[in-house]
Structures are given as structure tokens and as C-alpha cells.
Amino acid sequence: MPVPISGPSGKATQGTADTALVFIESWEGKMSQDYAEVGPFLNDGGNLYRSRTSKKIEGSIKGVVPSGKDTSQTAIITAFMAGTDIKMTLVTTAGYSIVITAASYNDITLGHDAKGTATFEASFQDNGGWAVA
């Protein structure tokens, strides 16, 4: 019988060199599709037909900022500020992994509170293609 995948068996990387982001606590990717409906057609019993028009993936990463910052978190902030896309890879060891060739970042949230540590969150969407393996 297979065993569950443990939490530490995943990672997130950025850039063409797949540089690991440190201190990331979680990631998620949500795949969705859009459809166009056609019909009904004459003499077809009122049926409607669906045709996929597009697909996309949206996702997010959450974690904390280590002392001295993290070069990969900084690379994401730099891409966001410049309005450029950056490769994003979300990995689950022995599970599904997602490669987004060009991820556009929608939001970046930096935070800090007295009970915890400095936080880093970013949400993104693909810009022209992705794969799940």
C-alpha cells in the first residue's frame, strides 16, 4: 500500500536555473478551464455542446523571510517590479509537480508581526503555458 507524502517532501523553485526558494511553508496550484457553448441546432433535440476555449493555472507560495533575505524571493520581487515573467516550479517529491514556463505575479504580500517572523506570500498565473508531471 502506498504511503502518504510528507509535508517536507516538496519545494518551490524560480528561474531557469530552478533555484530553490528557502523557508517556503506551502504552495498550491489551481488548474481551470473555460468553455464556449454552442447550440442548440435545428433538429438536434435542443442539445448544447461544450468546447474548451482555454486553460490556465493560478497558484501561490507562502513562507517566511530568513535573516538577510532570500535571493529567490528577491528575484520574484524584482520580476514583479519590472513587470516581467519568471519560471516557477512547484515540486512534490514522489507526487505531482508543476512547471510554469512564464509565471506572471499578481500579488506579493510582505508582512511581520510581533508574535512571529517576517512573512512572504506571492500569487501568480501562467502566461502562455505550463505542465504537470
Side-chain angles (χ1 to χ4, degrees):
M1 170 180 245
V3 297
I5 299 170
S6 69
S9 295
K11 67 180 177 178
T13 69
Q14 62 78 28
T16 55
D18 291 320
T19 306
L21 283 102
V22 300
F23 288 99
I24 295 300
E25 297 172 342
S26 66
W27 65 257
E28 66 179 21
K30 177 182 176 184
M31 299 178 278
S32 61
Q33 305 183 86
D34 288 326
Y35 290 89
E37 284 189 351
V38 294
F41 300 105
L42 298 176
N43 202 29
D44 193 25
N47 295 322
L48 293 174
Y49 299 91
R50 297 180 77 196
S51 175
R52 184 172 86 174
T53 59
S54 59
K55 62 179 180 162
K56 69 178 179 180
I57 190 164
E58 296 175 299
S60 65
I61 54 174
K62 296 178 183 179
V64 298
V65 179
S67 176
K69 304 177 188 170
D70 171 49
T71 56
S72 290
Q73 291 176 4
T74 301
I76 290 171
I77 292 169
T78 300
F80 178 85
M81 297 300 287
T84 58
D85 298 335
I86 191 169
K87 180 183 175 190
M88 187 76 196
T89 305
L90 308 170
V91 177
T92 298
T93 304
Y96 296 104
S97 295
I98 302 166
V99 178
I100 303 166
T101 307
S104 297
Y105 283 84
N106 306 323
D107 299 293
I108 295 176
T109 303
L110 303 173
H112 192 102
D113 68 35
K115 295 188 308 183
T117 186
T119 58
F120 177 89
E121 296 182 26
S123 65
F124 50 85
Q125 181 176 330
D126 74 285
N127 188 11
W130 47 278
V132 176

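For the numbers below, each heavy atom of this structure counts, side chains included, while hydrogens, waters and symmetry mates do not. We count residues from 1, following the sequence as given.
When the side chains of ILVMFWY residues are joined at heavy-atom separations under 4.5 Å, either directly or via intervening members, Tyr96 and Val91 end up in two distinct hydrophobic clusters. Cluster annotation: Ile100 and Val132 are assigned to the same hydrophobic cluster (Ile/Leu/Val/Met/Phe/Trp/Tyr, side-chain heavy-atom contacts under 4.5 Å, transitive). Taken together through direct or relayed side-chain contacts under 4.5 Å among Ile, Leu, Val, Met, Phe, Trp and Tyr, Leu21 and Val65 form part of one hydrophobic cluster.
Taking CD1 of Ile76 as the reference point, atom CD1 of Ile86 lies at 6.0 Å (rounded to 0.5 Å). Here the CE-CD distance, from Met88 to Gln125, works out to 14.5 Å after rounding to the nearest 0.5 Å. Here the OG1 atom belonging to Thr78 is positioned 9.5 Å from the CD atom belonging to Gln14, to the nearest 0.5 angstrom. Considering NZ of Lys30 and OG of Ser60, their distance stands at 11.0 Å, rounded to 0.5 Å. Atom CD1 in Ile24 sits 4.5 Å away from atom CD1 in Ile61 (nearest 0.5 Å). Atom CD1 of Ile108 is separated from atom CZ of Phe124 by 11.0 Å, given to the nearest 0.5 angstrom.
Between the side chains of Ser6 and Ser9, at least one donor N or O sits under 3.5 Å from an acceptor N or O. For the residue pair Tyr35/Gln33, the side-chain donor-acceptor check at 3.5 Å is satisfied. Side-chain contact, Thr53 with Asp34: no donor N or O sits under 3.5 Å from an acceptor N or O.
A salt bridge links Lys56 to Glu58: at least one charged side-chain nitrogen sits closer than 4.0 Å to a carboxylate oxygen.
At least one donor-acceptor pair closer than 3.5 Å links the side chain of Ser97 to the backbone N or O of Thr92. With hydrogens and angles ignored, the 3.5 Å screen pairs no side-chain donor or acceptor of Asp44 with any backbone N or O of Gly46. In terms of modelled atom types and a separation under 3.5 Å, the side chain of Asp126 and the main chain of Ile57 share a donor-acceptor contact. Glu121 places no side-chain N or O within donor-acceptor distance of the main-chain N or O of Val64, the cut-off being under 3.5 Å. Without hydrogens or angle criteria, Ser72 side chain to Ala20 main chain gives a donor-acceptor distance under 3.5 Å.
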Side chain to side chain contact (heavy atoms under 4.5 Å, CB included) between Thr89 and Ile98, intermediate numbers included: CA-CA 6 Å; Thr89 305; Ile98 302 166; over 6 Å; no
Worked check of side chain to side chain contact (heavy atoms under 4.5 Å, CB included) between Asp70 and Val22: CA-CA 7 Å; Asp70 171 49; Val22 300; 3.2 Å; yes
Derivation and outcome, side chain to side chain contact (heavy atoms under 4.5 Å, CB included), residues Phe120 and Leu110: CA-CA 5 Å; Phe120 177 89; Leu110 303 173; 3.5 Å; yes
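Lys87 is listed as a side-chain neighbour of Asp18, based on a closest heavy-atom distance under 4.5 Å. Looking at heavy atoms from C-beta onward, Asn47 lies out of side-chain contact with Pro40 at the 4.5 angstrom threshold. In this structure the side chain of Ser51 never reaches within 4.5 angstrom of the side chain of Glu37, judged on heavy atoms.
Atom CZ of Phe23 has 12 or fewer heavy atoms from other residues, nucleotides or ligands within 6.0 Å. Other residues, nucleotides and ligands place more than 12 heavy atoms under 6.0 Å from the CZ atom of Phe41. Sparse packing is recorded around NZ of Lys62, with 12 or fewer heavy atoms of other residues, nucleotides or ligands lying under 6.0 Å away.
A cation-pi contact, defined as under 6.0 Å to the ring centre and within 45° of the axis, is absent between Lys11 and Trp27.
Shown here for Leu90 and Glu28, the closest heavy-atom pair between the two residues is CD1-O, 4.1 Å. When every heavy atom of Asp85 is checked against every heavy atom of Ser104, the shortest pair comes out as OD1-OG, 2.6 Å.
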